[in-house]
Amino acid sequence: LNNAAEAEIEIENILHLGGELENAGFVSLVSPNADLLVEQKFTNTGELCSYGSKCEVFDVFDNTGIVKGFGRILSHQPIHNKGFVYAYQGNLVIQSYLSLTNTSTMANKPLATLHISSPEDVNNQGTIEVNAGGGVAFDCNLVNEPNAVIKLLGGTLAAKEITQKAGATFQGFGGITGNVVIEPNAVIKLTGPTNIIGDVTIGEG
């Protein structure tokens with residue numbers, strides 16, 4: 001199924017697609033009862049919007065477009081975010097049964113929460129933005145790689161362990177839940193009141 005640019009698919013109940021889905025337009029899961037099941041790869045270069053619903057992909061979910069809203073995005077294979085993932089109006093769960101990579105932007109809008117679930121560590125190579133009134137939570141370890149960015153803008157960032165690499169940017173204020181490891185010559189810059197719940201290990205330099 002190829003949804004062209006400026007075309008729109010609205011799903012109110014269940015849509016079960018036996019093949020691949022390529023979306024360059026707009027796919028909207030318009031109700032909490034909406035389920036989108038894709039048995040093969042889902043390539044999103046357009047916009048996927050969820051209103052408390054579920055999108056389940058049995059192959060790779062490759063996003064270079066926009067994923068936003070609240071609900072659950074689940075892949076049985078890796079999830080690659082090269083675009084934008086925004087939680088707003090509630091809790092958005094992004095879950096992979098294998099691995100998740102971020103080379104672009106993942107964020108929660110104010111008062112919303114973004115929950116990332118992966119059995120492997122998430123190596124952030126893009127930007128994670130944590131806004132006030134909510135937060136971004138990982139149920140695994142988070143590694144902030146060189147040249148990657150974490151913006152703590154009054155919200156709470158949570159992970160089992162957060163590792164800050166040399167050359168990575170991590171700055172702001174808010175809450176941090178989980179053990180924090182600052183590797184040699186790495187920097188975390190706190191610009192306001194910040195509460196860390198967990199152990200903090202600071203390397204040389």
Quick check: closest heavy atoms across [X] and [Y], and the distance to 0.1 Å?
| X | Y | answer |
| --- | --- | --- |
| Asp59 | Ser75 | O-OG, 2.8 Å |
| Gly65 | Asn63 | N-OD1, 3.1 Å |
| Leu1 | Leu17 | CB-CD2, 3.8 Å |

Lys165/Glu183 salt bridge by N-O under 4.0 Å criterion: yes

Please tell me whether [X] and [Y] have a donor and an acceptor in their side chains that are separated by less than 3.5 angstrom.
| X | Y | result |
| --- | --- | --- |
| Asp62 | Thr43 | no |
| Glu129 | Asn131 | yes |
| Asp139 | Ser117 | yes |

Flag side-chain contact, heavy atom, 4.5 Å: [X] against [Y]:
| X | Y | answer |
| --- | --- | --- |
| Ile128 | Leu142 | yes |
| Cys49 | Tyr86 | no |
| Thr163 | Asp121 | no |
| Val130 | Asn108 | yes |

Enumerate donor-acceptor pairs with a distance under 3.5 Å from any side-chain N or O in residues 2-13 to protein atoms, sequence neighbours excluded.
{"unit_1": "Asn3", "atom_1": "ND2", "unit_2": "Ala7", "atom_2": "O", "d": "3.4"}
{"unit_1": "Asn3", "atom_1": "ND2", "unit_2": "Asn23", "atom_2": "OD1", "d": "2.9"}
{"unit_1": "Asn3", "atom_1": "ND2", "unit_2": "Phe26", "atom_2": "O", "d": "3.4"}

Those residues that, when tested against Lys109, pass salt bridge (charged side-chain N to carboxylate O under 4.0 Å, His left out) (two or more places apart): none

Listed pairs under 3.5 Å, donor-acceptor, residues 93-100 side chains, sequence neighbours left out:
{"unit_1": "Gln95", "atom_1": "OE1", "unit_2": "Arg72", "atom_2": "NE", "d": "3.2"}
{"unit_1": "Gln95", "atom_1": "OE1", "unit_2": "Arg72", "atom_2": "NH2", "d": "2.8"}
{"unit_1": "Ser96", "atom_1": "OG", "unit_2": "Gln77", "atom_2": "O", "d": "3.0"}
{"unit_1": "Ser96", "atom_1": "OG", "unit_2": "Leu98", "atom_2": "N", "d": "3.0"}
{"unit_1": "Ser96", "atom_1": "OG", "unit_2": "Ser99", "atom_2": "N", "d": "3.0"}
{"unit_1": "Ser96", "atom_1": "OG", "unit_2": "Ser99", "atom_2": "O", "d": "2.8"}

Contact list for residues 165-202, test ring-ring contact (aromatic ring centres under 6.0 Å, His included), sequence neighbours left out: none

Residues clustering with Leu153 (ILVMFWY side chains joined when closer than 4.5 Å, directly or via others): none

From [X] [atom1] over to [Y] [atom2], what is the distance, rounded to the nearest 0.5 angstrom?
| X | Y | atom1 | atom2 | result |
| --- | --- | --- | --- | --- |
| Leu15 | Leu21 | CG | CG | 8.0 Å |
| Asn144 | Thr127 | CG | OG1 | 9.0 Å |
| Ile73 | Ser53 | CD1 | OG | 7.0 Å |

Pairing residues for Phe58 by the ring pair (Phe, Tyr, Trp, His ring centres under 6.0 Å) criterion, not counting sequence neighbours: His76

